[in-house]
Amino acid sequence: MRIALLVNPFTLRSKGGDHAPELARELLGLGHTVRGFGAPPGTIPRSGGAGGIATEGEDGHGLLGFEPDAIIAYDALSPAAWLGARTARRVSAPLLLVEVGAKSDEHWRGRMLHRIGESLWGAYVRRTASSVVALDPIAYERAVRRGFDKRSVTVLPAGVDLNLYRPGLSSGIILRHHIRGRILLYAGYIDHNRGLDVLIAAFANTVGQRADWSLVIAGEGPAQPALRARIDRLGIGSRVHWVGRPRDEELPGLMSASTLLAVPALDDSVRGRQIPRAMACGLPVIAADQKSLRHFVEHDGWGLLAPPGDLTAWTEMLRRASMSPEARKRWGARARDTALEKLGWPTVARTFESLLLRARGQLVTDVGTELSRGPAAETAVRDR
């Protein structure tokens, strides 16, 4: 197939910025012709060249000149979705939408853009789209709230590079910071809605009193000074290591060398994007039992869940995980196996391919049925 990927350049980085490039790369590997539209040059891999993308006017053709057999557009009510719907109708191609549902959508700017999109082209996009891929349960709920038929919405997490994120890696961060023993890892933004105060208190109540465990906090954010003061008051400063935000190439080694990943979020604004990466590294996860996270964590499958903000529950969960090396080994193996089965980019790309092929087949069937009804139906199909 000739597949066009349409992205919203204004939200590309804040909304799963690596999804479109990775998906394009895998679709190319499956033998499809792929072209990206809307992203800065060089962002999305493309067919027929070393890099770059086609934009409106490039090669004198643009999106219509590409004549796509299928279209994937990001953000269900974005200008990219409108352009995708308009083009899909003109070339009789299926339109698949990708809904990310980022936290920025809840801010005033996100709500304003949603209202604009809904009023100008929302109904048009909903009538045209064959299906929606939601990257997490919150994105699924948002797509349904925006009027998409829930039967057409599929939850499909973003993929993971299973060659990059894998067990058995070493970490330069751990060596540089002289971290020894088992590691409870937090990797992410350091803010007050992340539940870090509960994690720190649970650590202090359990393995924080032992010399063979360390809490490693990998990230940056405004809550860091207050949390440092809390750690000092609890008397566990020697057991807590602040390593800053890891570079992209450092994160796989840090996860692979850790013992547990903690995701103690207090609300659904935390989407758990580190959990699939941890799973690929065979790293068990302890997480808040939030709607946005429980989709990624099978309780006692590859980790444990506890109510958000509940210090007693988190203390007990951490105690159980830290005292059960056999359970951690079992969780880690199950996490890696699940990642291999469901989370690799090749698997994600094949699912997208299946959705597009199914929609394309259905579109051909629908058009054929309409055309068989005579000239009036043919005009209706052409003008729909």
Side-chain angles (χ1 to χ4, degrees), residues 11 14-16 19 74-77 97-107 110-111 114 131-160 185-199 202 219 221 223 260-280 283-318 320-321 331 334-335 338-339 342-343 348 351:
T11 60
S14 63
K15 292 191 171 185
H19 192 280
Y74 285 75
D75 296 345
L77 293 181
L97 302 174
V98 180
E99 181 68 359
V100 181
K103 183 180 178 181
S104 58
D105 287 338
E106 304 298 337
H107 297 161
R111 292 194 297 269
H114 162 67
S131 57
V132 180
V133 169
L135 299 190
D136 59 44
I138 305 304
Y140 170 88
E141 290 188 351
R142 180 165 293 155
V144 172
R145 283 201 309 272
R146 289 176 172 178
F148 292 93
D149 187 337
K150 64 174 61 178
R151 294 171 297 181
S152 70
V153 184
T154 301
V155 178
L156 181 64
V160 180
L185 173 66
Y186 171 84
Y189 193 55
I190 302 174
D191 206 351
H192 296 287
N193 69 327
R194 300 299 172 119
L196 279 166
D197 55 342
V198 172
L199 176 64
L260 291 168
L261 176 73
V263 189
L266 296 181
D267 58 48
D268 284 330
S269 66
V270 179
R271 298 301 170 81
R273 63 191 297 260
Q274 304 295 8
I275 294 176
R277 295 169 175 172
M279 293 171 61
L283 176 61
V285 180
I286 57 173
D289 192 6
Q290 296 274 23
K291 187 183 305 179
S292 58
L293 302 180
R294 72 173 70 105
H295 178 78
F296 297 109
V297 181
E298 180 182 290
H299 185 73
D300 204 26
W302 51 86
L304 298 172
L305 295 165
D310 187 330
L311 177 56
T312 300
W314 270 81
T315 298
E316 179 56 34
M317 178 170 63
L318 184 52
R320 175 184 172 187
W331 295 337
R334 178 73 182 277
T338 302
K342 298 180 179 180
L343 299 179
V348 170
T351 303

* Structure fact -> Rounded to the nearest 0.5 Å, the CG atom of Leu343 sits from the CG atom of Leu156 at a distance of 9.0 Å

* Asked: Taking C-beta and beyond as the side chain, do Ile138 and Ser292 meet within less than 4.5 Å on heavy atoms?
  -> yes

* Of all heavy-atom pairs between Tyr140 and Lys150, which one has the smallest distance, and what is that distance? -> OH-CB, 3.3 Å

* Asked: Would you find a donor on one side and an acceptor on the other, under 3.5 Å apart, between the side chain of Asp267 and the backbone of Ser269?
  -> yes

* Asked: Counting distance only, does the side-chain N/O of Arg294 pair as donor-acceptor with the main-chain N or O of Asp289 below 3.5 Å?
  -> yes

* Spatial distance of atom CZ (Arg271) from atom CD (Gln290) [nearest 0.5 Å] -> 11.0 Å

* Can you see which heavy atom on Val132 is nearest to which on Ala143, and at what distance? => CG1-CB, 4.2 Å

* Structure fact -> Shortest non-hydrogen pair, His192 vs Ala223, comes out as CE1-CB, 3.6 Å

* Using the salt bridge (Lys or Arg N to Asp or Glu O under 4.0 Å) rule, collect all pairs that involve residues 303-313, keeping only residues at least two apart or in two chains. => none

* With Arg320, which of Leu304, Ile286, Thr315 fulfils side chain to side chain contact (heavy atoms under 4.5 Å, CB included)? -> Leu304

* To do: Drop me the distance from Arg194's CZ to Leu266's CG, to the nearest 0.5 angstrom.
  => 10.0 Å

* side-chain contact (heavy atoms from CB on, under 4.5 Å) partners of Ala287, counting only residues at least two apart -> Val263, Val285, Leu293, Val297, Leu305

* To do: Looking only at non-hydrogen atoms, find the nearest pair between Leu260 and Ala321 and report the distance.
  => CD1-CB, 3.8 Å

* Tyr74 vs His19 side-chain heavy atoms within contact, under 4.5 Å -> yes

* Asked: Considering all heavy atoms of both residues, which atom of Phe296 and which atom of Trp302 are nearest to each other, and what is their separation?
  -> O-NE1, 2.9 Å

* To do: Only one of Pro307, Pro308, Pro264 passes side chain to side chain contact (heavy atoms under 4.5 Å, CB included) with Trp314; say which it is.
  => Pro264

* Which atom of Met317 lies closest to which atom of Ala306, heavy atoms considered -> CE-CB, 3.5 Å

* To do: Can you measure from CG (Leu311) to CG (Asp197) and round to the nearest 0.5 angstrom?
  => 9.0 Å

* Asked: Could you give the distance from CE (Met279) to CG (Leu261), rounded to the nearest 0.5 Å?
  -> 11.5 Å

* Looking at CG of Leu135 and OG1 of Thr154, how far apart are the two atoms once the value is rounded to the nearest 0.5 Å? -> 11.5 Å

